[in-house]
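In this chain, residues are counted from 1 in sequence order.
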Amino acid sequence: MKNNFWIGLGIGAAFPVLAHVLVRFTNIALHFLPEKPMAIYTIAVLINLVLLRFAYRSGSDHLGKGIIASTFLAMIIYLITHKITV
């Protein structure tokens, strides 16, 4: 795998987008975790953190930077769209 920021950005965006699609278009969050609406997004962020660890351990620092950038971007978009105050 190439050590490229843009590839890391794409890889890091995959799981938050998948989480959004699962929450938006299916009832998976209501069936498995009804009292924790943010759990699916939290799982997506945890998967990105595992990917980030593997990227940095293999010496792909630009790939890791792309993964972390897309994770933070997904968190900011979530906060803006769900009007959560921090």
Side-chain angles (χ1 to χ4, degrees):
M1 184 172 295
K2 288 189 162 200
N3 188 14
N4 190 344
F5 175 79
W6 298 105
I7 293 173
L9 202 63
I11 291 171
F15 289 104
V17 168
L18 180 65
H20 175 72
V21 168
L22 287 175
V23 169
R24 186 80 159 162
F25 299 112
T26 67
N27 292 329
I28 195 167
L30 296 175
H31 289 295
F32 292 110
L33 305 160
E35 63 276 347
K36 295 181 173 54
M38 227 176 113
I40 301 295
Y41 296 108
T42 305
I43 292 169
V45 169
L46 290 175
I47 291 171
N48 273 358
L49 290 177
V50 169
L51 290 174
L52 180 69
R53 181 173 191 269
F54 284 125
Y56 278 121
R57 296 281 305 246
S58 68
S60 303
D61 56 336
H62 294 295
L63 188 73
K65 288 177 185 177
I67 292 171
I68 202 158
S70 64
T71 303
F72 280 123
L73 183 64
M75 286 187 336
I76 290 170
I77 290 171
Y78 180 83
L79 292 175
I80 290 170
T81 58
H82 288 84
K83 297 179 180 122
I84 295 176
T85 58
V86 284

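For the pair Y41 and A19, the tightest heavy-atom approach, listed with the atom from each and the gap, is CD2-CB, 4.0 Å. Listed here is the closest heavy atom pair of I68 and K65: CG2-O, 3.3 Å. Closest heavy-atom contact between G12 and N48: O-ND2, 2.8 Å.
N4 is linked by a side-chain hydrogen bond (donor to acceptor under 3.5 Å, both in side chains) to nothing, counting only residues two or more places apart in sequence or in another chain.
You'll find the side chain of L52 reaches within 4.5 Å of the side chain of L49, heavy atoms only. Residues W6 and H62 form no side-chain contact, since every pair of their non-hydrogen atoms from C-beta on lies 4.5 Å or further apart. Residues P16 and V45 have side chains not in contact (no heavy-atom distance under 4.5 Å, counting atoms from C-beta outward). A heavy-atom distance below 4.5 Å is found between the side chains of L51 and F15.
The main-chain N or O of F54 is found under 3.5 Å from a side-chain atom of S58 such that the two form a donor-acceptor pair. Without hydrogens or angle criteria, N3 side chain to L63 main chain gives a donor-acceptor distance under 3.5 Å.
The aromatic rings of H20 and F25 sit perpendicular, their planes meeting at an angle over 60°, well past the 30° parallel limit.
Residues I11 and F72 fall within the same hydrophobic cluster, defined by Ile, Leu, Val, Met, Phe, Trp and Tyr side chains chained together at heavy-atom separations under 4.5 Å. Hydrophobic clustering (side-chain heavy atoms under 4.5 Å, transitive across Ile, Leu, Val, Met, Phe, Trp, Tyr) groups M75 together with I67. Using a 4.5 Å cut-off between side-chain heavy atoms of Ile, Leu, Val, Met, Phe, Trp and Tyr, with links allowed through other members, V23 and L18 fall into the same hydrophobic cluster.
In this structure, CD1 in I47 is found 11.0 Å from OG1 in T71, a value given to the nearest 0.5 Å.
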